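All remarks here apply to the structure that follows.
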Amino acid sequence: MPAYEFRCKTCRHTFTLLYGSYAEYEQATPRCPRCDSTDLSRLIRRVAILTSEESRFERWTDPGRLAGLEEDDPRAVGRLMREMMTEMGEEMDPEIEEVVERLEAGEDPETIEESLSLDVDGGDTEE
Ligand SMILES: [Zn+2]
């Protein structure tokens with residue numbers, strides 16, 4: 001289920017809207033739930049998190065970062081990540097690609113994080 005984060009330019013309220021499908025989003029006119037304004041800017045905060053160098057997966061699997069998504073639906077998270085990468089026109093890191101594929105396969109984000117943390121966490125390297 002696509003989820004989009006917006007900020008209302010009128011009252012500066014920030015909120016997330018969920019759509020049943022991408023086509024539904026294309027046709028919908030998002031409105032501010034607080035003041036009913038349609039003058040909104042779409043936030044791409046999660047993409048910035050995704051492409052930052054540090055702790056990408058930790059941040060991604062932090063439930064707070066995924067607020068507004070259906071957290072028990074890894075497929076939705078995977079789809080959202082893929083959509084955002086596509087929109088940004090970014091090449092996906094092989095690591096991120098793997099995460100997205102595993103999310104889309106319905107794997108638990110925490111399991112994925114655990115299996116990746118050895119590679120991602122550069123804190124204590126064992127050589
Ligand atoms: Zn508003």
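Everything numeric in this text was worked out from a predicted model, so none of it was measured. When a ligand or atom number is given, it counts from 1 through the structure's own listing order.
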Residues Arg31 and Leu40: closest non-hydrogen pair is N-CD1, 3.9 Å
What residues form a salt bridge (charged side-chain N to carboxylate O under 4.0 Å, His left out) with Glu101, not counting sequence neighbours?
none
Listed by chain and number, what are the salt bridge (charged side-chain N to carboxylate O under 4.0 Å, His left out) partners of Arg7, not counting sequence neighbours?
none
Using a cut-off of 2.8 Å, find all protein N, O or S atoms closer to the Zn ion (ligand 1) than that distance.
Cys8 SG, Cys11 SG, Cys32 SG, Cys35 SG
Where does the angle between the aromatic ring planes of Tyr19 and Tyr25 fall among parallel (under 30°), tilted (30 to 60°) and perpendicular (over 60°)?
perpendicular
Run the salt bridge (charged side-chain N to carboxylate O under 4.0 Å, His left out) test against Asp108 and tell me which residues pass, sequence neighbours left out.
none
Check the pair Cys11 / Cys32 against side-chain contact (heavy atoms from CB on, under 4.5 Å), numbers first and verdict last.
CA-CA 9 Å; Cys11 74; Cys32 173; 3.8 Å; yes
